[in-house]
Every structure is written in structure tokens, then in C-alpha cells.
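Before any comments, here is the structure.
Each chain gets a letter, A, B and so on, in the order its sequence line appears, and its residues count up from 1.
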Amino acid sequence: MSAPWLVLDRVSKVYGDGTSAVVAVREVSLELQGGRFVLLMGPSGSGKTTLLMLMGCLLKPTQGRLFLFEREISALDERTLPPLRRRYIGFVFQTFNLFPALTAVENVELALNLKGINGREARRRALTLLARVGLSERLHFLPRDLSGGEKQRVALARALAGDPPIILADEPTGMLDSRTGRQIVELLADLAHTEGRLVFMVTHDPRVRDLADDVLFMEDGSIVARESTGDLREVVSGKEGR
Amino acid sequence: MVSLARKNLFHDRVRFVVALLGIQFAVVLMTLQIGFFLKFMTNASVLIDHIEADIWITAKNLKNFDFGLPFSEQKLYEARRVPGVLWAERFLMGFSYWKMPDGGQETIQVIGFNPETRIGAPWDIVEGNLDDVKYFTQIFIDEADRERLGFPRVGDEVEIIGQRARIAGITRGAKSFVGSPFVFTSFKNALKLSFIPPGQTVYILVKVAPGFSIEEVKEHLARTLTGVDVYTKREFSWKSRRYWLLVTGAGIALLSTALLGLLVGTVIVGQTIYASTMEHLKEFGTLKAIGASNADLYRIIIAQALIMATVGYATGMLLARAFLNVARRAGLEAYLPLEVLAGIFGLTLLMCIGASILSIYKVTKLDPALVFRS
Ligand SMILES: Nc1ncnc2c1ncn2[C@@H]1O[C@H](COP(=O)(O)OP(=O)(O)OP(=O)(O)O)[C@@H](O)[C@H]1O
Ligand SMILES: [Mg+2]
């Protein structure tokens with residue numbers, strides 16, 4: 001078994017201090033591998049988004065240690081984190097967060113620009129990425145003229161800019177109808193299963209569990225249960241499950 | 001690079017227009033104020049600017065043209081021996097008194113030049129023959145000063161510190177900044193009509209020979225001649241203007257109006273940039289999440305400011321030109337050399353960047369969780 005890509009070692013996050021302190025994440029330990037599609041479920045306020053931000057180097061843990069490809073990131077500061085985010089992490093949000101003044105293809109191009117890919121090459125790659133997520137028309141539309149599903153496809157292409165190994169998605173289907181939502185989840189699952197990425201997705205939708213390899217349940221800041229629905233597939237593909 | 005700054009600006013069109021109005025206001029106010037003022041200030045160096053000398057030699061530590069002090073004429077001959085000096089001429093400026101028809105006195109500035117070479121002579125003659133000043137004692141006065149001097153006419157005889165003088169002609173555009181009328185005559189006559197002792201001059205005018213640099217000849221003169229100061233035409237012109245600018249408080253008035261424009265502009269631009277940043281805060285958060293560093297975010301905010309400054313300046317200048325055209329028709333001139341226009345552009349840039357600072361601060365303190373909220 002190869003080394004895990006993302007390791008959390010008794011990671012906690014406390015917001016505020018004193019009497020107003022909120023323990024959003026409580027001593028979570030996880031080891032996450034590439035090629036897996038992992039779901040995180042749990043009631044509102046249980047700490048899912050906070051955990052995602054910790055994994056995505058957007059937030060520093062109050063306690064515990066985080067390793068990204070064997071490199072400890074919990075102690076790094078705001079100057080060293082952006083390059084790590086650029087290289088390893090792609091984010092997908094519930095509210096899409098596309099840039100409203102940019103067209104679909106420009107949204108993807110901008111992310112490529114940030115990763116040092118410019119000019120024609122950026123345009124070419126943006127088009128490839130959009131095709132990869134199933135968007136081949138309406139490429140020059142502004143986000144306000146795209147449907148929810150189209151917007152999330154653009155956001156997905158943007159997350160894939162620069163080819164990051166890890167995709168973190170926070171309720172990416174929250175604003176979509178269930179059919180469109182399922183298409184997006186299928187895309188995400190595919191990114192894990194055919195491209196070998198680690199895809200970690202927060203969701204409230206239990207109907208997509210069949211697509212996942214692992215499902216984690218969070219309550220009150222802790223991982224309280226986990227099940228590996230993807231074991232069967234792994235046995236078939238010869239990989240070893242957790 | 002996809003220009004998020006530019007696209008965001010044009011996306012929020014109304015806000016962009018409001019910001020532009022603010023910048024234009026500041027640009028127009030600054031340009032008109034400074035332009036009119038500088039035009040006004042050129043009066044302080046009107047003679048220096050019109051006389052074709054490259055170099056002015058003056059008494060030591062002179063404050064400006066109007067406060068000229070006499071020094072030995074001997075320096076003229078020393079100056080003529082310095083290599084690169086094509087010619088050097090005496091030139092006199094001395095305060096004196098003009099006897100008014102009602103018996104009162106008017107302060108005047110007597111200007112004495114060499115009528116043979118006409119160096120330092122009035123440049124715009126409305127009436128009369130300049131050669132007449134060679135004879136005893138003919139003078140030229142400016143049309144703008146006739147009222148001050150009791151409406152004398154060409155041919156009239158007048159009295160200046162007890163000496164008789166005859167008006168030989170009228171000049172135009174030779175108006176003194178300090179308000180005392182200029183009276184032009186030959187150097188020799190001027191000695192009699194002023195309090196400058198014989199054997200002294202007030203200025204020495206120097207023309208540099210072709211093939212020599214003005215700066216080089218100026219340095220040489222300064223080294224050779226003792227007890228005097230040597231200025232290039234441009235230096236002496238600015239020195240005279242600057243003096244009045246600082247002393248009269250007119251400079252303060254100019255500065256405060258220009259500053260007011262700058263301040264109002266900064267506030268309007270600051271507000272629009274700030275409001276825009278707040279509205280786009282989630283976008284900045286998203287940028288950060290997809291790997292942008294704080295420096296990248298600052299760059300976008302600054303780029304916005306630069307675009308606003310450039311477009312605001314360009315359109316503001318068009319507006320200012322329209323205003324200046326109207327003003328010119330009403331007889332109000334402005335003076336706006338290139339470096340002043342560049343300076344106003346610099347101030348506009350500073351204004352827009354200054355207006356972005358609060359936004360930069362906001363973005364630095366951005367909460368990353370923002371991007372996950374619906
Ligand atoms: N910036 C913050 N300051 C203080 N408390 C916070 C902050 N962000 C989140 N919290 C608190 O931390 C806890 C976990 O929040 P988090 O957003 O991670 O939950 P979640 O599981 O993502 O919820 P949801 O399903 O509603 O998105 C909540 O009690 C929340 O109120
Ligand atoms: Mg959440």
C-alpha cells in the first residue's frame with residue numbers, strides 16, 4: 001500500500017476562545033489515499049466545512065498535525081500555503097463561486113493563469129477541461145446565463161486547472177436538482193476512479209452513497225462512523241481497501 | 001492573464017462611471033487651478049521669458065527678478081572673455097517714481113536695455129519706434145499700464161524723479177507681476193531715471209555661442225566671476241515664479257484648492273473601490289482558495305485603481321480642455337507645460353492607489369470560510 005496522500009493526526013479546530021469557544025473539529029484522525037471517492041456526511045454544524053478547510057490548507061488547526069504528501073502543513077504560514085493549494089488542491093463550492101464578470105472559459109483560464117499557464121496554452125487547456133466535464137457549448141456565456149448544472153461543471157473544470165491530485169468539494173450538489181446533482185457526483189467519482197485523484201466530498205444526499213468508496217459520518221466535530229461501500233470494486237480492481 | 005480587474009470594472013458599469021466622475025472631478029479641478037495659476041505666475045518672469053538671453057548674471061543671493069540689485073559693470077567685460085559667450089549685455093531694472101498729473105507718485109520699474117542690439121527690449125510694440133530711446137530721454141510704456149499712469153499719450157512729456165521724459169511708444173504684454181508699470185528705455189537713460197549708480201548694472205544677459213552647452217558656459221561663468229550668481233534662463237524664471245508662489249500665499253491657495261479636488265476625488269474613488277471590493281469579497285476568497293496569494297489579490301486591486309486612474313485622467317483631461325476653451329474665449333488663459341500634466345497624472349495615480357488601501361486591508365483580513373457560505 002502506497003503512502004497516504006493526506007493524513008490528519010488528531011486534528012482539532014477551535015473557533016474563538018474563552019466562554020465563546022466552539023470546538024468545530026475534535027481530534028479527527030484520517031488517512032486518505034489517491035483514487036478514492038470519499039463522502040463526508042453529518043448534520044448541519046457538525047464541522048464538515050471546517051474539516052474541509054483544514055484539509056485544503058485554508059485554515060490552520062488549533063491542535064494536531066496535517067500531512068500533505070508526507071509534508072507537514074499544520075505549521076506553515078500564509079506565505080507558504082498558496083503554492084501548496086495551487087499545486088495539490090482543487091476546490092468545488094456549493095454556490096459555484098464563479099467570477100460573474102468572466103465567461104465560462106475565462107473562469108477556467110484565470111485559474112490556469114494563477115498556476116503559471118498563460119496565453120493560448122491556457123485557452124487550449126481550458127477548452128479541454130471544459131470538454132472533460134461535459135461542457136462543449138455556451139463556453140462564452142457569463143455565469144448568469146448558465147444553468148446550475150452548467151455552472152458547477154465550469155467550477156469543476158476550474159478546480160481541475162493545473163491538474164491537482166486532490167479535489168475537495170463542499171456540498172457541490174446543494175443548489176442542483178437531484179438528476180443534475182447526480183451527474184455532477186458521477187463526474188467527481190470518475191475523477192477518482194479513472195484519473196486516480198483523491199476526491200473528498202461533503203454531502204447531505206444519501207442517494208449518492210453507491211458511488212463512493214468511503215463514507216464518513218461526522219457529529220459534533222468528531223468522525224463517529226465510517227463505512228467502505230467501495231470495497232467490492234477495489235477487490236475487483238485488485239486494490240487494497242482500508 | 002485574464003484581466004479580472006478590467007472585467008470586474010466594466011461588469012459593474014454604474015459603479016465604474018461613479019468612480020470615473022470622482023476622478024474627473026479631481027482631474028478637472030486640479031488642471032484648471034494649476035493651469036490658471038501657472039499662467040498667472042508667468043507674469044512673475046515675463047521679461048526673463050521673453051528676452052533671448054540663455055544666461056542671467058545677477059547680484060549674489062537675489063530673491064527674484066523684481067528685487068534686482070546693482071553690481072559692478074566690470075563683470076560685463078570679465079563675462080565677455082569666458083569661452084562660449086557669444087555676447088554679454090548690460091540690463092537694468094530699477095524702481096523709480098512717476099509723477100502723476102495730480103501731483104501724486106506712482107512706483108514704476110525702469111527697464112534699461114542696449115538699443116543698438118535691442119537685447120532686453122520690449123518685444124511687442126503697439127506704437128512708436130524703438131530707435132527713439134537712443135535719444136534723451138524717450139520711454140516706452142505698456143498699454144495695460146496707461147490708466148495707472150494717468151492716460152499719457154505718445155509724445156507727452158512726463159516727470160520721473162525730477163527728470164523730464166517723453167513717451168515714444170506703447171508696448172503690449174509687458175506687465176509687471178508686482179504691479180508697478182514697466183518703463184522701457186535705453187540703459188543710459190535708465191541710469192538717470194532710476195537710483196542705480198553709474199558704473200553699475202543690475203543684470204548681465206549672456207547668449208551662448210553655437211556648439212557650447214548652456215550648462216557648461218554657466219558653470220564656467222560661475223567659476224570665473226566672483227560676487228555674482230549665474231542662472232540659466234529657465235532657472236532664473238522658475239526662481240522668480242517660485243518666490244512669489246511661496247511669498248504671496250497664492251501658492252497655498254492653489255495647493256488647497258488642488259488638494260480639495262484630490263481629497264474629494266480620493267473619497268469618491270475610495271468609496272467605490274471599497275464598495276466594489278466588499279461586493280467581490282467572496283470572489284477574492286475564491287481566488288485565495290484556488291491558490292492566489294495575497295500579493296495576487298493586491299495586484300488585482302491595484303490594477304483596478306490604475307485602470308480607473310488612466311481612464312479617469314484621459315476623460316478628465318478632455319473635459320478640462322473643453323473648460324479651458326470656454327475660459328480662453330472669456331479671456332482667461334492657462335499655462336500647462338508637459339511636466340505639469342505628467343504631475344497631475346502622477347497625482348491621479350496616487351489618488352487611486354491611496355483609495356485602494358482600505359480595500360487591500362480588507363482583503364488581507366479575509367475569512368476563508370466565506371467561500372463556503374451560501
Ligand atoms: N468562523 C467561525 N467562527 C466561529 N464559529 C464558527 C466559525 N465557522 C464555523 N463555526 C462553527 O463551527 C461549527 C462547525 O461549522 P461548519 O461550518 O464546519 O459546519 P458544517 O458541518 O459545515 O455545517 P453545514 O452543514 O451547515 O454547512 C458550527 O458550530 C459553526 O457555528
Ligand atoms: Mg458546511
Side-chain angles (χ1 to χ4, degrees), chain A residues 15 24 48-50 52-53 56-60 78-103 105-119 122-123 126 142 144 155 158-159 161-162 164 168 170-171 174-175 202, chain B residues 1-17 19 272-273 275-305 307-308 311 359-374:
Chain A
Y15 288 114
K48 304 182 295 295
T49 297
T50 306
L52 201 79
M53 288 199 285
C57 315
L58 278 176
L59 214 55
K60 281 211 279 190
E78 190 41 49
R79 283 162 53 85
T80 31
L81 289 177
L84 290 180
R85 282 201 289 270
R86 278 199 289 273
R87 175 150 177 220
Y88 294 116
I89 313 284
F91 277 106
V92 183
F93 312 94
Q94 178 177 6
T95 50
F96 320 124
N97 297 5
L98 296 178
F99 302 105
L102 303 187
T103 63
V105 65
E106 284 170 344
N107 262 280
V108 184
E109 264 181 279
L110 178 66
L112 287 159
N113 293 159
L114 280 174
K115 301 182 188 201
I117 300 152
N118 290 296
R123 174 57 62 108
L142 291 177
R144 62 158 181 255
R158 184 178 67 183
L168 302 176
D170 194 4
E171 298 184 44
M175 309 268 278
V202 174
Chain B
M1 178 103 181
V2 174
S3 174
L4 190 61
R6 179 169 51 84
K7 302 229 163 159
N8 272 351
L9 279 181
F10 295 134
H11 196 67
D12 310 336
R13 245 169 244 141
V14 174
R15 179 166 290 139
F16 185 51
V17 167
T272 24
I273 291 187
S276 156
T277 309
M278 293 315 280
E279 195 165 286
H280 292 282
L281 215 49
K282 199 168 183 180
E283 286 178 53
F284 283 111
T286 306
L287 276 168
K288 241 172 154 166
I290 65 177
S293 60
N294 276 335
D296 291 323
L297 305 190
Y298 303 158
R299 225 169 284 140
I300 290 170
I301 294 175
I302 295 290
Q304 282 191 12
I307 294 170
M308 283 193 194
V311 179
S359 296
I360 287 182
Y361 176 79
K362 264 286 171 211
V363 164
T364 311
K365 298 271 170 264
L366 190 82
D367 175 12
L370 184 69
V371 292
F372 296 102
R373 292 194 196 121
S374 43

Validation row: A:T95, B:K282 side chains within 4.5 angstrom (heavy atoms): yes
Part of B:N294 within contact of chain A (heavy atom distance under 4.5 Å): side chain
Contact origin within A:L142 toward chain B - heavy atom pairs under 4.5 Å: side chain
B:L287 portion near chain A, given a 4.5 angstrom heavy-atom threshold: both
Under 4.5 Å from a heavy atom of chain B, the part of A:D170 involved: side chain
Rounded distance [0.5 Å steps], CD in A:E109 versus CG in B:L4: 12.5 Å
Greatest number of heavy atom pairs closer than 4.5 Å to chain B - which of A:L98, A:L84, A:L58, A:I117: A:L58
Chi angles and distances behind the side-chain contact (heavy atoms from CB on, under 4.5 Å) call for A:I89, B:I290: CA-CA 8 Å; A:I89 313 284; B:I290 65 177; over 6 Å; no
Under 4.5 Å from a heavy atom of chain B, the part of A:R144 involved: side chain
Test item: A:E106 and B:K7 side chains (from C-beta on) under 4.5 Å apart, heavy atoms: yes
More than 12 heavy atoms from other groups under 6.0 Å of CZ on B:F10: yes
Contacting region of A:L52 [heavy-atom separation from chain B under 4.5 Å]: side chain
4.5 Å side-chain heavy-atom contact, B:F372 and A:M53: yes
For B:A289 against A:F91, the heavy-atom pair lying closest together: O-CD1, 3.3 Å
Region of B:N8 in contact with chain A, defined by heavy-atom distances below 4.5 Å: both
Gap separating the CZ atom of A:R79 from the OG atom of B:S293, nearest 0.5 angstrom: 9.5 Å
Value rounded to 0.5 Å, distance of CG in A:L114 from NZ in B:K288: 13.0 Å
Contact class of A:F99 relative to chain B, heavy atoms under 4.5 angstrom: both
Which portion of A:R87 sits near chain B, non-hydrogen atoms under 4.5 angstrom: neither
From CA spacing to verdict: side-chain contact (heavy atoms from CB on, under 4.5 Å), B:V371, A:Q94: CA-CA 9 Å; B:V371 292; A:Q94 178 177 6; over 6 Å; no
Distance-minimising heavy-atom pair for A:P82 and B:A292: CB-O, 4.1 Å
Partner chain B: residue of A:P100, A:A122, A:G162, A:G174 with the largest heavy-atom pair count (under 4.5 Å): A:P100
